[in-house]
Protein chains: 2
Amino acid sequence: MFAIQPTSAEPIYRQIVEQLRRLIAGGQLVAGELLPSVRDVAGFHAINPMTVSRAYGMAETEGLLERLRGKGMAVAATTRSTATQAQRMALLEPQLQDLARHARELELPGDAVLRRLGRLLEE
Amino acid sequence: MFAIQPTSAEPIYRQIVEQLRRLIAGGQLVAGELLPSVRDVAGFHAINPMTVSRAYGMAETEGLLERLRGKGMAVAATTRSTATQAQRMALLEPQLQDLARHARELELPGDAVLRRLGRLLEE
DNA sequence: CCATGTGTATTAATACAACAATACACCTGG
DNA sequence: CCAGGTGTATTGTTGTATTAATACACATGG
């Protein structure tokens with residue numbers, strides 16, 4: 001039901017859109033799959049339905065979702081079921097570059113950073 | 001002279017503060033070192049001097065910087081010259097956790113992510 | 001057919017970031 | 001001493017972003 005942190009600095013609607021991008025690219029959401037309704041998501045997280053609608057709307061504009069009138073939003077059929085690993089990696093690239101820059105500013109040894117990340121990736 | 005991206009979603013003043021945190025923790029800015037004046041930084045990046053002043057002011061409140069009246073801002077003397085590696089790693093932890101979560105949503109193999117990051121860290 | 005479920009257009013409230021233009025208080029250094 | 005360098009307080013404006021409240025159009029499905 002989406003991982004949303006209302007306290008985060010990142011806007012809620014963008015948290016949802018970006019999560020959709022990744023979950024669809026990664027194949028955890030498959031083409032045709034029906035998403036939870038805006039009211040369900042909003043009720044569950046105690047946020048405004050329009051905030052969810054805005055996220056869904058942007059995802060539709062982006063071609064990620066499709067409107068099924070009267071039924072709700074579904075993962076777009078045009079989506080190739082799972083993006084190639086290179087395509088998925090590209091979605092992570094900006095974050096990787098930021099991380100590398102910050103690590104350099106902190107004068108942290110590369111292998112220490114890699115070890116820590118490796119542990120986090122195992123969980 | 002600070003790495004500032006005026007187009008970024010992150011506010012300019014916060015980019016500066018966070019960069020100061022890391023550069024000081026990492027030891028690239030040493031206690032007593034004089035920072036460039038607000039007018040210099042503002043002129044160089046074509047931003048408002050008050051935006052830089054705001055960042056400096058927050059850094060001073062945080063204990064990172066000291067006001068030297070008539071001279072400018074300097075790295076606070078109270079700063080232990082370089083934070084321990086564990087302390088510096090802690091500053092990177094939130095970003096590492098976000099990255100791990102996103103990689104998982106993308107269903108990316110951990111070692112592929114680690115390899116890419118490793119390459120970025122070498123540069 | 002119509003209650004019930006979709007998504008959404010519209011409007012408003014609120015907050016925030018950045019800029020601009022001053023004026024000020026202070027210290028340095030020749 | 002004083003010209004020129006610090007940072008900063010103040011006030012106002014502009015543009016934008018985010019969320020919320022409300023009402024609406026529409027399709028489903030028993």
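Heavy atoms only: backbone and side chains are in, while hydrogens, waters and symmetry mates are out. Protein chains get the first letters and strands the later ones, always in sequence-line order, with residue 1 at the start of each.
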[atom1] of [X] versus [atom2] of [N]: gap in Å, rounded?
X	N	atom1	atom2	result
Arg14(A)	dT19(D)	CZ	C1'	14 Å
Met58(A)	dT19(D)	CE	P	12 Å
Gln15(A)	dT18(D)	CD	C1'	12 Å
Ile12(B)	dG15(D)	CD1	P	17 Å
Met50(B)	dT10(D)	CE	P	10 Å
Asn48(A)	dA17(D)	CG	P	19 Å
Ile16(B)	dG7(D)	CD1	P	12 Å
Leu34(B)	dT28(C)	CG	C1'	12 Å

Tell me whether Arg54(A) contacts the main-chain N or O of Tyr13(A) through its side chain, where contact means a donor paired with an acceptor under 3.5 Å.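 Looks like no, no N/O pair under 3.5 Å.
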
Is a side-chain N or O of Thr61(B) found less than 3.5 angstrom from the main chain of Gly57(B), in a donor-acceptor match?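 Flag set: sc Thr61(B) to bb Gly57(B) pair under 3.5 Å.
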
So, is [X] close to the [N] phosphate, meaning a side-chain N or O under 4.0 Å from OP1 or OP2?
X	N	result
Thr51(A)	dT18(D)	no
Ser53(A)	dG7(C)	no
Arg67(B)	dC27(C)	no

Salt bridge present between [X] and [Y] (N-O < 4.0 angstrom):
X	Y	answer
Arg116(A)	Glu93(B)	yes
Glu18(B)	Arg14(B)	no
Glu123(A)	Arg104(B)	no
Arg22(A)	Glu107(B)	no

Report all interatomic pairs (protein N or O, nucleotide N or O of nucleotides 4-6 of chain C) with separations under 3.5 Å.
| residue | atom | partner | partner atom | Å |
| --- | --- | --- | --- | --- |
| dT6(C) | OP1 | Ser37(A) | OG | 3.1 |

So which one's nearest nucleotide on DNA chain D is more toward 5', Tyr13(A) or Arg69(A)?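 Counting from the 5' end, the first nearest nucleotide belongs to Tyr13(A).
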
Just to be sure I understand the rule, does Arg54(A) reach a base, reach only the sugar-phosphate, or reach nothing, if contact means heavy atoms closer than 4.0 Å?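 Answer is base: heavy atoms of Arg54(A) come under 4.0 Å of a base.
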
Under a 3.5 Å threshold, yes or no: a donor from one side chain and an acceptor from the other, between Gln15(B) and Gln19(B)?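 Gln15(B) vs Gln19(B): no donor-acceptor pair found between side chains.
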
